[in-house]
Every structure is written in C-alpha cells, then in structure tokens.
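When reading the values below, keep in mind they use all heavy atoms of this one structure, side chains included, and skip hydrogens, waters and symmetry mates. Position 1 is the first residue of the sequence; numbering continues from there.
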Amino acid sequence: MHEMSLCEGVLQILEDEAQRQHFSKVKAVWLEIGTMSGVEIEAMRFCFDVIVRNTLADEATLNIIEIPAEAWCVDCAQTISIQQRYDACPHCGGYSLQVIRGEAMRIKELEVE
C-alpha cells in the first residue's frame, strides 16, 4: 500500500508550506490524481485520514480530482484517451503511443487558515 507513503509526502508538503506561508491549519486539500498513476483512490482517502491525525490537517477535507489518461499516437499524430498502457490507438490501431497525461499526482489547491 504505497498510498500511505504518498500521504506522508503530502503531509510533509503541507507542513513545509505552513512554515513558509505562515498558516496553522489546513481545512481542505485538492489532489489531482491521474488514472494511470497507480494510486488507489479509496486507499488514498483511508491513508490520508490516518496520516493527518493530530497534525495541522487533522480535520481537513480531502478532495480528489481524477485526471483521465491521454496519449499521443506517433503513427497517426493524434491525441487519444487511453484506459491503460498498451492500449491500441482507436483511430489507426497502432501501438506507438506516448502517455502525455494521467500518470501524475499533485496538490492542486489548499484551503488554510
């Protein structure tokens, strides 16, 4: 369950930003998570609740925005939606796809006080 370590990383960023920007409480966090990032959303929610207990984000709401995956087809030069690696291009049937979106996770926004 790598979601636990991902949440520890998120908490570390929150604590670092609290020091840098002088806030003491996080009320809400918006995470963008790509559908091909390998992150299990429900595990992420569970782990977030566990990791932030007794921290500056103890009562924070976790909002997750799922980012659909897209790839560039080298064969037909089009951007396509994909569900998983090694999908074929729906236009030309080729497999020369370069994933361009949907593999990352990032903190998009915070609500703090």
According to side-chain contact (heavy atoms from CB on, under 4.5 Å), who are the partners of Ser81, at least two apart in sequence or on a separate chain? none

Kindly compute the distance separating CG (Leu6) from CD (Glu40), expressed to the nearest 0.5 Å. 12.0 Å

List in chain and number order the residues that pass side-chain hydrogen bond (donor to acceptor under 3.5 Å, both in side chains) with Asp16, two or more places apart in sequence or in another chain; answer none if no residue qualifies. Gln12

Considering residues at least two apart in sequence or located in another chain, which fulfil the side-chain hydrogen bond (donor to acceptor under 3.5 Å, both in side chains) criterion with Glu32? Arg106

Taking the side chain as everything from C-beta on, heavy atoms only, tell me whether Met105 gets closer than 4.5 Å to Met44. yes

Joint cluster assignment, Leu14 & Ile65, ILVMFWY side-chain distance < 4.5 Å: no

Could you give the side-chain donor-acceptor pairs of residues 45-56 under 3.5 Å, partners two or more places apart or in another chain?
residue, atom, partner, partner atom, Å
Arg45, NH1, Leu62, O, 3.2
Thr55, OG1, Val52, O, 2.6
Thr55, OG1, Ala57, N, 3.1

Contacts of Glu59 meeting salt bridge (Lys or Arg N to Asp or Glu O under 4.0 Å) (sequence neighbours excluded), chain-then-number -> Lys25

Restricting to pairs with a member in residues 61-81, which pass salt bridge (charged side-chain N to carboxylate O under 4.0 Å, His left out), not counting sequence neighbours? Glu70-Arg101

With sequence neighbours left out, what residues match Ala28 under side-chain contact (heavy atoms from CB on, under 4.5 Å)? Trp30, Thr61, Asn63, Glu111

Tell me, with the steps shown, if Ser5 and His2 meet side-chain contact (heavy atoms from CB on, under 4.5 Å). CA-CA 5 Å; Ser5 62; His2 72 288; 4.2 Å; yes

Which ILVMFWY residues can you reach from Val74 by hopping between side chains whose heavy atoms are under 4.5 Å apart? Trp72, Ile100

Side-chain donor-acceptor pairs under 3.5 Å in residues 87-97, sequence neighbours left out?
residue, atom, partner, partner atom, Å
Asp87, OD2, Gln83, N, 2.9
Asp87, OD2, Gln84, N, 3.2
His91, NE2, Gln78, OE1, 3.4

For the residue pair Thr35 and Ile67, establish whether any side-chain heavy-atom pair is separated by less than 4.5 Å. no

Heavy-atom nearest pair, Ser37 first then Gly34, reads OG-O, 2.7 Å

Student check: side-chain heavy atoms of Lys27 and Val112 closer than 4.5 Å: no

Please name all residues satisfying side-chain hydrogen bond (donor to acceptor under 3.5 Å, both in side chains) with Arg85, sequence neighbours left out, ordered by chain then number. Glu103

Residues passing the salt bridge (Lys or Arg N to Asp or Glu O under 4.0 Å) test with Glu109, sequence neighbours excluded, are none

Checking Ile82 against Met36 for the side-chain contact (heavy atoms from CB on, under 4.5 Å) test, could you report, in this order, the C-alpha distance in whole Å, the side-chain angles of both residues, the deciding distance, and whether it holds? CA-CA 9 Å; Ile82 57 173; Met36 288 184 39; 3.5 Å; yes

Gln21: what forms a side-chain contact (heavy atoms from CB on, under 4.5 Å) with it, not counting sequence neighbours? Glu17, Phe23

